Amino acid sequence: MCGGFTCSKNALIALNILYVVVASILISVAVYGQASALTTLPIVGGIMACGILLILISLLGLAGAVKHHQVMLFFYMVILFLLFLVQFSIACACLGVNSDQQEMLAQQGWNSVDLDMKEQVQERFQCCSFKSRAIAPNATLDYPSCAVVDGNCCNHMTVTDKCKCEPCMEKLKETIDYAFKLCGGIGLFFSFTELFAVWIARRYRNQPDPNYKEPHAVFPRQNYLY
């Protein structure tokens, strides 16, 4: 009968297998978000951390479900509920971040990376500096690769004030916004399933195992009726 011991066990195992897949998706999305901007976005990094933690918790849940281990299931419920709170908060933050806050976070990430990383961003997206740049076309001491990307943006013609690459924020704005919305949407959707998993684990933990046999003890009982 569905709702019995076997059904709860299979449901919990299936949920944890699903969480391994979900965690892989979260990590992939977070990696995509960071790789797209090539900067360190704190909220996206939080999504990646949640994905890694979710994989570890899923392994704990799988072991507890297979063995019907009371201690494992207890810690699984507690940790999974805490993860739900963190993931729900981060997902809401991702969805609630406006363009100005996205720019501020991206600026922090841009300021934290070294010059080589900035040059990689500029060469990849054909842009120069983050938000603003020097007025003089040759004033590129802070961003040596601007001389190269400006030539590409102008089709190797003379670089002037009217012909030069855009700031990188203009090129990354849509990518960063997409990464935030994607991370937030996936995180919010799957965070609610974690509450369901906590309920299933609690139900399964309190159900007696019909196949349970009393373990051998120093003084085993005789004629024990289960």
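Both backbone and side-chain heavy atoms feed into the values below; hydrogens, waters and symmetry mates do not. This structure is a prediction, so every number in the text was calculated from the model and none was measured.
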Working to the nearest 0.5 Å, report the span between [atom1] of [X] and [atom2] of [Y].
{"X": "C7", "Y": "I200", "atom1": "SG", "atom2": "CD1", "answer": "7.5 Å"}
{"X": "L182", "Y": "L95", "atom1": "CG", "atom2": "CG", "answer": "10.0 Å"}
{"X": "I25", "Y": "L18", "atom1": "CD1", "atom2": "CG", "answer": "8.0 Å"}
{"X": "L188", "Y": "C94", "atom1": "CG", "atom2": "SG", "answer": "10.0 Å"}
{"X": "M104", "Y": "S99", "atom1": "CE", "atom2": "OG", "answer": "11.5 Å"}
{"X": "F196", "Y": "L12", "atom1": "CZ", "atom2": "CG", "answer": "9.5 Å"}

**OP:** Sequence neighbours left out, what passes side chain to side chain donor-acceptor pair (under 3.5 Å) with D177? Give chain and number order.
**Re:**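 So D177 forms a side chain to side chain donor-acceptor pair (under 3.5 Å) with Q102, K181.
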
Testing the basics here: between [X] and [Y], what is the closest heavy-atom pair and its distance to 0.1 Å?
{"X": "V20", "Y": "S24", "answer": "O-OG, 2.9 Å"}
{"X": "G184", "Y": "A91", "answer": "O-CB, 3.5 Å"}
{"X": "Q101", "Y": "N98", "answer": "N-OD1, 2.8 Å"}

Side-chain donor/acceptor of [X] to backbone N/O of [Y], under 3.5 Å:
{"X": "H68", "Y": "Y204", "result": "yes"}
{"X": "R205", "Y": "Q70", "result": "yes"}
{"X": "Y19", "Y": "A14", "result": "no"}

Please tabulate, for side-chain N and O atoms in residues 58-65, each donor-acceptor pair with protein atoms closer than 3.5 Å (sequence neighbours left out).
unit_1, atom_1, unit_2, atom_2, d
S58, OG, L54, O, 2.7

**OP:** Give the cluster check for V66 versus L56: same hydrophobic cluster or not, with ILVMFWY residues linked at side-chain heavy-atom distances below 4.5 Å.
**Re:**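 In one cluster: no.
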
What residues, two or more places apart in sequence or in another chain, satisfy side-chain contact (heavy atoms from CB on, under 4.5 Å) together with [X]?
{"X": "N206", "result": "R202"}
{"X": "F81", "result": "F84, L85, L195, V198"}
{"X": "S89", "result": "none"}

Subject >> salt bridge (Lys or Arg N to Asp or Glu O under 4.0 Å) against E103, all qualifying residues, sequence neighbours excluded >> reply: K131

**OP:** Decide side chain to side chain contact (heavy atoms under 4.5 Å, CB included) for I57 and N16; before the verdict, give the C-alpha distance in whole Å, the side-chain angles of both, and the deciding distance to 0.1 Å.
**Re:** CA-CA 8 Å; I57 295 174; N16 283 282; 5.6 Å; no

